[in-house]
Novice: 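Could you have a look at this structure, given as structure tokens, before my questions?
Below, chain A is the first sequence line, B the second, and so on; all start at residue 1.
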There are 2 protein chains.
Amino acid sequence: MSGAAYAIGDLARQTGTKVETIRWYERDGIMPAPARTEGGHRLYTRTHLERLAFIRHARELGFPLDSVRALLALADDPERPCAEVDAIASEHLSAVRDRITRLHALEAELVRMLDRCGRGQVAECRVIEVLADRTHGHCLSQDHSGSRL
Amino acid sequence: MSGAAYAIGDLARQTGTKVETIRWYERDGIMPAPARTEGGHRLYTRTHLERLAFIRHARELGFPLDSVRALLALADDPERPCAEVDAIASEHLSAVRDRITRLHALEAELVRMLDRCGRGQVAECRVIEVLADRTHGHCLSQDHSGSRL
DNA sequence: ATGGGACCTATAGTGGCTATAGGTTCAAGC
DNA sequence: GCTTGAACCTATAGCCACTATAGGTCCCAT
């Protein structure tokens, strides 16, 4: 059908993806295995290129690969209601906002520490003091989802 | 010298750390190996407890373990200038602010996508459209540090 | 025909833990 | 002293999404 075929390096250049990442996507299963040359080099089609572009774009927006998988499945089935897409994106937005909130708290805490850091020695350093202070307790909530603040 | 000795579970309870994490810290080297009972159970001292509390507190503030190691080394040497501590904390603060900035950009992009999502079908879904749009390019900067936005 | 860049596989490493399996030890209660 | 069961032990694999390396093979332009 379509004439153009792409080597893995072409896909990499066109989508700003590392070659290793593309191969990893294939092993992972999110990218379908392409045809091969006699010598074993991968030969991609435009369809592959578009799928990879979609994946990379979603990843740039911070969607985890599982969400990308779900979004791809929805994109491949245009009659499904948009609400499912909306749900995935909304959930991700919440996660992003959560992280922003936590990072703001962190930032404030760091600023507070640093503000009080004199120019002296470690012995009277507020930063070390704060870190060593066990009475300070766990004011920042524990993160149970892989500690990515 | 000091009488009190703690089991690993005591340390865990007192610092809000999982037992497995404490053992991992020991293998990692950031926590020194404690004495053992005849049967092989770990016996910690107050020094261990304080060190673990320091580590956990720094981790709560998002310092990577390598920075925690550096901070511990400084804390153990009270004559060193406070500026070194300041530098580590300031660098971390910059990193946190960077992440906040990137997450804000992300949030805006997600909101923009979602705002335009109608109640229809995937076929005309803006979210899918945006993700599939290769002309959209790489407006969000690539993250080379482990993709933790 | 040859050179070298692009490609191949397989494996290990990143960070910071978490989880599981399968066994041993300790301390409290009887 | 004996039993129970919670807490402890080691070793290993898994998480996420790649990245890096080693050691080889292929393709194409000259």
Side-chain angles (χ1 to χ4, degrees), chain A residues 5-31 33-44 48 52 54-72 92 95 99 142-149, chain B residues 5-31 33-44 48 52 55-70 72 92 95 99 142-149:
Chain A
Y6 307 87
I8 196 169
D10 298 330
L11 248 74
R13 266 183 297 283
Q14 294 215 39
T15 60
T17 313
K18 296 207 174 152
V19 165
E20 293 82 6
T21 304
I22 299 176
R23 286 197 281 250
W24 182 81
Y25 282 163
E26 183 181 328
R27 269 215 311 292
D28 180 75
I30 198 169
M31 278 291 286
R36 300 278 187 139
T37 65
E38 282 183 28
H41 287 204
R42 288 168 178 82
L43 279 181
Y44 292 98
H48 287 104
L52 180 56
F54 187 105
I55 294 167
R56 293 309 289 177
H57 202 165
R59 289 290 301 128
E60 275 174 42
L61 288 169
F63 286 96
L65 271 187
D66 276 350
S67 299
V68 181
R69 255 181 280 271
L71 289 169
L72 278 166
H92 180 50
R99 281 204 265 158
Q142 287 269 67
D143 179 14
H144 300 290
S145 66
S147 90
R148 44 187 53 209
L149 308 161
Chain B
Y6 308 86
I8 196 167
D10 298 330
L11 249 74
R13 265 182 299 282
Q14 295 215 38
T15 60
T17 313
K18 297 207 170 151
V19 166
E20 293 83 6
T21 304
I22 300 175
R23 287 198 281 251
W24 182 80
Y25 282 163
E26 183 181 330
R27 269 215 312 292
D28 179 76
I30 198 167
M31 279 292 286
R36 300 277 187 140
T37 65
E38 281 182 30
H41 287 204
R42 289 168 177 82
L43 279 180
Y44 292 99
H48 288 105
L52 180 57
I55 294 168
R56 293 307 290 177
H57 201 165
R59 290 289 303 128
E60 275 174 41
L61 288 170
F63 285 96
L65 272 186
D66 276 350
S67 298
V68 181
R69 255 182 280 273
L72 278 165
H92 180 50
R99 280 205 265 159
Q142 287 269 65
D143 179 13
H144 301 289
S145 67
S147 89
R148 43 187 54 208
L149 308 161

Novice: If I take atom CG in residue B:L52 and atom P in nucleotide C:dC17, what distance separates them, rounded to the nearest angstrom?
Specialist: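 Between P of C:dC17 and CG of B:L52: 10 Å.
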
Novice: Check the phosphate of D:dA17 against A:K18, side-chain N and O only, distance under 4.0 Å to OP1 or OP2. Yes or no?
Specialist: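 Answer is no, no contact under 4.0 Å.
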
Novice: Using whole Å, what does the distance between atom C1' of nucleotide D:dA17 and atom CZ of A:F63 come to?
Specialist: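 Interatomic distance, CZ of A:F63 to C1' of D:dA17: 16 Å.
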
Novice: What nitrogen or oxygen pairs link the protein and nucleotides 6-13 of chain C at under 3.5 Å?
Specialist:
| unit_1 | atom_1 | unit_2 | atom_2 | d |
| --- | --- | --- | --- | --- |
| C:dC7 | OP1 | A:G9 | N | 3.0 |
| C:dC8 | OP1 | A:R42 | N | 2.7 |
| C:dC8 | OP1 | A:R42 | NH1 | 2.9 |
| C:dC8 | OP2 | A:R23 | NH1 | 2.7 |
| C:dC8 | OP2 | A:R42 | NH1 | 3.3 |
| C:dC8 | O5' | A:R42 | NH1 | 3.4 |
| C:dC8 | O3' | A:R36 | NH1 | 3.4 |
| C:dT9 | OP1 | A:R36 | NH1 | 3.2 |
| C:dT9 | OP1 | A:R36 | NH2 | 3.0 |
| C:dT9 | OP2 | A:R42 | NH1 | 3.1 |
| C:dT9 | OP2 | A:R42 | NH2 | 2.9 |

Novice: Distance check needed: C:dG15 C1' versus B:D66 CG, whole Å only.
Specialist: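 Taking CG of B:D66 and C1' of C:dG15, I get 9 Å after rounding.
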
Novice: If you round to the nearest 0.5 Å, how far is CZ of A:R56 from OG1 of A:T17?
Specialist: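 One gets 4.5 Å once the value is rounded to the nearest 0.5 Å.
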
Novice: Is A:I55 close to A:L65 at the side-chain level, that is, under 4.5 Å between some pair of heavy atoms?
Specialist: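 They are in contact (side-chain heavy atoms under 4.5 Å apart), so the answer is yes.
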
Novice: Whether B:T21 contacts C:dG16 is assessed here as follows: a side-chain N or O lying under 4.0 Å from the phosphate OP1 or OP2. Is that the case?
Specialist: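 Checking C:dG16 against B:T21, no side-chain N or O comes under 4.0 Å of OP1 or OP2.
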
Novice: Can you find a pair of side-chain heavy atoms, one from B:R36 and one from B:L43, that are under 4.5 Å apart?
Specialist: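 When only atoms from C-beta onward are counted, B:L43 and B:R36 do not touch, as no gap falls below 4.5 Å.
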
Novice: How many Å lie between OH on A:Y25 and C1' on D:dT19, as a whole number?
Specialist: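 A:Y25 atom OH is separated from D:dT19 atom C1' by 12 Å.
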
Novice: CD of B:E20 versus C1' of D:dC15: gap in Å, rounded?
Specialist: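 Checked: the CD to C1' distance equals 15 Å.
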
Novice: Between P on C:dC17 and CE on B:M31, what's the gap in Å once rounded to a whole number?
Specialist: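 It works out to 13 Å between those atoms.
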
Novice: Is B:H48 close to B:M31 at the side-chain level, that is, under 4.5 Å between some pair of heavy atoms?
Specialist: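 Yes - at least one pair of side-chain heavy atoms lies under 4.5 Å apart.
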
Novice: In whole Å, I'd like the distance from the CD atom of B:E26 to the P atom of C:dC17.
Specialist: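 Atom-to-atom, B:E26 to C:dC17, this comes out as 15 Å.
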
Novice: Whole Å only: how far is the CD1 atom of A:I22 from the C1' atom of D:dC18?
Specialist: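 Atom-to-atom, A:I22 to D:dC18, this comes out as 13 Å.
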
Novice: Salt-bridge test for B:D28 and B:R69: reply yes if a basic N is under 4.0 Å from a carboxylate O, no otherwise.
Specialist: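 Looking at B:R69 together with B:D28, the answer is yes, because their closest N to O distance falls below 4.0 Å.
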
Novice: For B:E26, what residues pass the side chain to side chain donor-acceptor pair (under 3.5 Å) criterion, not counting sequence neighbours?
Specialist: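 Counting only residues at least two positions away or on another chain, B:E26 forms a side chain to side chain donor-acceptor pair (under 3.5 Å) with B:R42.
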
Novice: Nearest to the side chain of A:R59, heavy atoms from C-beta on, is which of D:dC18, D:dC27, C:dC17?
Specialist: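 Ranking D:dC18, D:dC27, C:dC17 by closest atom to the A:R59 side chain puts D:dC18 first.
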
Novice: What distance do B:Y25 atom OH and B:L52 atom CG have between them, rounded to the nearest 0.5 Å?
Specialist: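 Rounded to the nearest 0.5 Å, the OH-CG separation comes out at 7.0 Å.
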
